[in-house]
Amino acid sequence: MDTRRAFLTDRTALVTGAGAGIGKGIALAFASFGARVAALEIDETRARATAAEIEAAGGQALALVTDVRDGEALARAVAATVERFGAIDILVNNVGGTFRAPFLDVAEKGWDAIVRTNLKTVLHGTRAVAPGMIARGRGGSIVNIVSIEGVRAAPLYAAYAACKAGIINFTQSMALELGPHRIREEVPSPGKASAGGDDVLVGRIRRDPTVENGLALFLACDLSRFVTGATLHVDGGTHAAAGWYRDPGSGEWILGPGRRPA
């Protein structure tokens, strides 16, 4: 195997929500493998901090203060990235957020805020970046970060879960529409692997953010050039468990806290 296929040398990645958490981790990982990174973040201090960390390590970065919920603002950020680095090869739609509440207690304004933050940001990002990828004729990779809540019920987070499920379907549709242009679109699905607290894990595996960053790196590089339209779970086995957890006291497998299968 040619190990150079794992690197992102001479490629530009645009990462939304790059100022903290998964977004920052992905931005730093991409830079460490050779990518130029446009770090989009609504918080200026965080955006500049991520860019500074990349540059301190010898990489190239651009900090762009952007509210990606605004399609026009995102389009301007894309234009600024192209002006600085020449093109965009990789897009990571990472921004998201929610709040806990019974669905019937959430006003329409609340639903709209969740949809705008989680689903529309992905639509905006894809529409802003894909035409440039098509025009260049070199293809590209679009990585849409979701959550395990996109593939399972999520009481008290119904609108959020619906958005994440929508992103999965949108990604599959775009994988087909954009495939002829050599543009791949994929979905990493992070999630905690715990029950009864973060220390009680499905497979006794603690969540490791570097694994999430590594999956995004894999989906962005040439090692995954035959992967598109796929949802890949990074959750310590939570999705596979389907409600099964290891009892913290006995170590016995049970179906949900304190329950056994019928």
Side-chain angles (χ1 to χ4, degrees), residues 8 12-33 35-85 88-101 109-129 142-147 149 157 159-160 163-164 167 187-192 207-210 212-217 220 234:
L8 303 175
T12 297
L14 185 151
V15 182
T16 72
I22 293 175
K24 182 174 183 178
I26 290 173
L28 296 178
F30 282 8
S32 71
F33 274 73
R36 301 174 290 257
V37 177
L40 273 60
E41 173 65 52
I42 198 169
D43 183 293
E44 181 176 4
T45 301
R46 287 182 170 183
R48 293 188 181 280
T50 296
E53 191 168 341
I54 290 171
E55 291 171 344
Q60 298 181 63
L62 176 63
L64 292 169
V65 181
T66 309
D67 184 348
V68 296
R69 297 171 298 182
D70 180 340
E72 293 183 359
L74 185 48
R76 289 193 295 272
V78 168
T81 302
V82 172
E83 181 179 0
R84 170 73 177 275
F85 295 131
I88 296 172
D89 305 284
I90 303 156
L91 166 66
V92 179
N93 286 309
N94 166 69
V95 166
T98 189
F99 54 85
R100 175 186 174 93
K109 185 177 181 180
W111 310 344
D112 290 345
I114 291 172
V115 171
R116 187 170 173 239
T117 299
N118 293 281
L119 180 57
K120 290 191 72 174
T121 54
V122 174
L123 307 184
H124 288 322
T126 301
R127 184 165 63 178
V129 169
I142 299 175
V143 180
N144 301 321
I145 308 296
V146 292
S147 162
E149 266 60 62
Y157 298 97
Y160 172 79
C163 289
K164 296 303 183 182
I167 293 170
V187 180
S189 176
K192 290 184 178 180
R207 183 174 183 177
D208 181 356
T210 62
E212 297 168 351
N213 304 341
L215 176 57
L217 177 64
V234 195

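Smallest separation of non-hydrogen atoms from A73 and D67: CB-O, 3.8 Å. Contact record, A47 with A39: CB-O, 4.2 Å, taken as the closest heavy-atom pair. Nearest heavy atoms, F30 versus A220: CZ-CB, 3.7 Å. Of all heavy-atom pairs between A63 and A51, the closest is CB-CB, 3.9 Å. When all heavy atoms are compared, the tightest approach of A20 to E41 is N-OE1, 4.2 Å. When all heavy atoms of I54 and A31 are compared, the pair lying nearest together is CG2-CB, 3.5 Å.
Distance CG/L64 to CD1/I42: 13.5 Å, rounded to 0.5 Å. Considering CZ of R69 and NE2 of H124, their distance stands at 10.0 Å, rounded to 0.5 Å. Between the CZ atom in R76 and the CG atom in D70 there is a gap of 6.0 Å [rounded to 0.5 Å]. Put simply, CG on N144 and CG on L91 are 7.0 Å apart, with the number rounded to the nearest 0.5 Å. Taking NZ of K109 as the start and CD1 of I114 as the end, the distance is 13.5 Å to the nearest 0.5 Å.
Residue R127 places its CZ atom among 12 or fewer non-hydrogen atoms of other residues, nucleotides or ligands, all under 6.0 Å distant. For CZ of R116, the number of neighbouring non-hydrogen atoms (other residues, nucleotides, ligands) closer than 6.0 Å is greater than 12.
Judged by distance alone, with hydrogens and angles left aside, the side-chain atoms of T117 form no donor-acceptor pair with the main-chain N or O of G96 at under 3.5 Å. At distances below 3.5 Å, at least one donor-acceptor pair connects side-chain atoms of N118 with backbone N or O atoms of G97.
Partners of K24 under the side-chain contact (heavy atoms from CB on, under 4.5 Å) rule, at least two apart in sequence or in another chain, are L28, T50, E53. Checked against ring-ring contact (aromatic ring centres under 6.0 Å, His included), F85 has no partners two or more places apart in sequence or in another chain.
Looking at T16 and T121, their side chains never come closer than 4.5 Å, going by heavy atoms from C-beta outward. Contact annotation: the side chain of L40 never approaches that of V95 to less than 4.5 Å [non-hydrogen atoms, C-beta and beyond]. Residues I26 and I145 are in side-chain contact: their nearest non-hydrogen atoms beyond the backbone lie under 4.5 Å apart.
Among the candidates T12, L8, L14, I90, the single residue satisfying the side-chain contact (heavy atoms from CB on, under 4.5 Å) test with R36 is T12.
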